[in-house]
Amino acid sequence: MTLNSIIYILFHLLVPALDTFSNTLAVAGDPDIIYDFASPQNYSVNGSFFTYTDLRGVLDQIPLSFKATKVTLVEFPALNGQSISYAIFQYPGGSINPPHIHPRAAELLFLVSGSLQVGFVDTKRTLYTQNLKPGDVFIFPKGLIHYQYNPQSVSATAISAFGSANAGTVSIPLSIFSTGIDDVILAKAFKTDTYTVKKIRSGLNKS
Ligand SMILES: *[C@@H]1O[C@H](CO)[C@@H](O)[C@H](O)[C@H]1NC(C)=O
Ligand SMILES: *[C@@H]1O[C@H](CO)[C@@H](O)[C@H](O)[C@H]1NC(C)=O
């Protein structure tokens with residue numbers, strides 16, 4: 001066997017193997033940093049850098065409409081590179097967190113009080129829905145459309161953890177109807193007319 005044919009055989013054995021290997025390396029979190037933590041350059045940190053205090057009193061007031069208070073790397077720079085973040089949700093009676101996507105993270109929701117009807121839709125367009133009781137934990141897989149609804153008249157409170165310091169939010173209604181996509185395109189996409197598209201747009205503008 002010549003050296004060339006050995007290289008040829010090795011190459012054809014290795015390439016599929018490497019391909020399989022790289023396919024199994026699906027990244028579940030943010031890119032790793034090569035430091036213990038990411039602090040601003042030439043900034044000497046102490047315990048305060050790792051402490052976020054702006055959630056103090058966050059649950060003292062019940063808002064009039066659905067409210068999300070986020071703790072991402074934007075609000076809390078120490079999260080940078082740690083693949084984790086939080087959001088505190090308050091749902092007055094009858095309110096919803098409309099269908100949306102977090103492109104960079106799964107979401108783990110813990111219902112503190114009240115009740116929530118939650119759901120997500122997978123890529124086969126199967127809806128998974130559940131009525132949560134206080135103490136229940138629900139996982140919304142990464143990148144899938146999901147929502148929460150408080151069907152009761154008493155308010156509900158939930159806390160979510162995200163597997164990214166910057167999970168990102170794509171609101172389905174706002175991304176589609178409030179970004180200037182042409183009425184004709186939306187009318188065709190939703191198999192309706194431009195009058196209906198305009199009506200949806202103006203409804204969303206009223207917030
Ligand atoms: C950081 O500190 C080093 C050493 O004191 C200095 O040479 C460098 O210019 C500083 N960088 C910045 C961005 O301040
Ligand atoms: C910790 O760092 C902050 C910000 O640099 C500073 O204001 C604070 O005084 C420091 N605390 C201690 C105990 O050194």
Side-chain angles (χ1 to χ4, degrees), residues 22 25-93 95-116 118 120 132-150 154-175 178-179 204-205 207:
S22 66
L25 281 182
V27 178
D30 298 342
D32 270 341
I33 51 173
I34 52 168
Y35 311 97
D36 294 345
F37 49 85
S39 60
Q41 217 183 355
N42 289 0
Y43 178 86
S44 113
V45 302
N46 57 34
S48 300
F49 178 70
F50 302 98
T51 312
Y52 186 72
T53 58
D54 283 359
L55 286 185
R56 289 178 188 174
V58 70
L59 298 178
D60 291 354
Q61 280 189 330
I62 296 174
L64 293 174
S65 55
F66 166 74
K67 186 180 178 196
T69 308
K70 295 177 183 175
V71 188
T72 72
L73 58 73
V74 175
E75 295 82 19
F76 189 18
L79 296 186
N80 195 9
Q82 304 300 334
S83 299
I84 197 158
S85 58
Y86 250 164
I88 313 298
F89 300 123
Q90 292 167 283
Y91 313 78
S95 68
I96 62 160
N97 183 1
H100 62 282
I101 290 168
H102 302 294
R104 289 182 287 276
E107 170 176 357
L108 190 61
L109 181 144
F110 172 66
L111 183 61
V112 178
S113 66
S115 66
L116 278 186
V118 299
F120 71 84
L132 302 184
K133 292 183 167 44
D136 290 352
V137 173
F138 192 86
I139 177 85
F140 299 99
K142 180 173 175 174
L144 300 182
I145 291 185
H146 62 281
Y147 60 86
Q148 297 110 32
Y149 168 53
N150 175 5
V154 290
S155 68
T157 303
I159 299 172
S160 276
F162 298 86
S164 167
N166 192 17
T169 298
V170 176
S171 161
I172 303 302
L174 296 178
S175 298
S178 302
T179 51
L204 286 171
N205 287 342
S207 87

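For ligands, and for the atoms within them, numbers begin at 1 and follow the listed sequence. Because only heavy atoms are used, hydrogens play no part in the values below, and waters and symmetry mates are left out as well, while side chains stay in. Nothing fancy with the numbering, it's 1 onward along the sequence.
- Ranking the protein heavy atoms by distance from atom 5 (O) of ligand 2 puts Y43 OH, 3.7 Å first.
- Aromatic ring pairs are classed by plane angle as parallel below 30°, tilted from 30° to 60° and perpendicular above 60°; the pair Y52 and F76 is tilted.
- Atom 2 (O) of ligand 2 is approached by the protein to below 4.0 angstrom, counting heavy atoms only.
- Ring pair F37/F50 is perpendicular by interplanar angle, where above 60° counts as perpendicular and below 30° as parallel.
- Aromatic ring orientation, F140 versus F120: perpendicular (interplanar angle above 60°, classes split at 30° and 60°).
- Counting heavy atoms from C-beta outward, S164 and D30 have side chains that approach closer than 4.5 Å.
- Scanning all protein heavy atoms for the shortest distance to atom 10 (C) of ligand 2 gives N46 ND2, 2.4 Å.
- Within a 4.0 Å radius of atom 14 (O) of ligand 2, the protein has at least one heavy atom.
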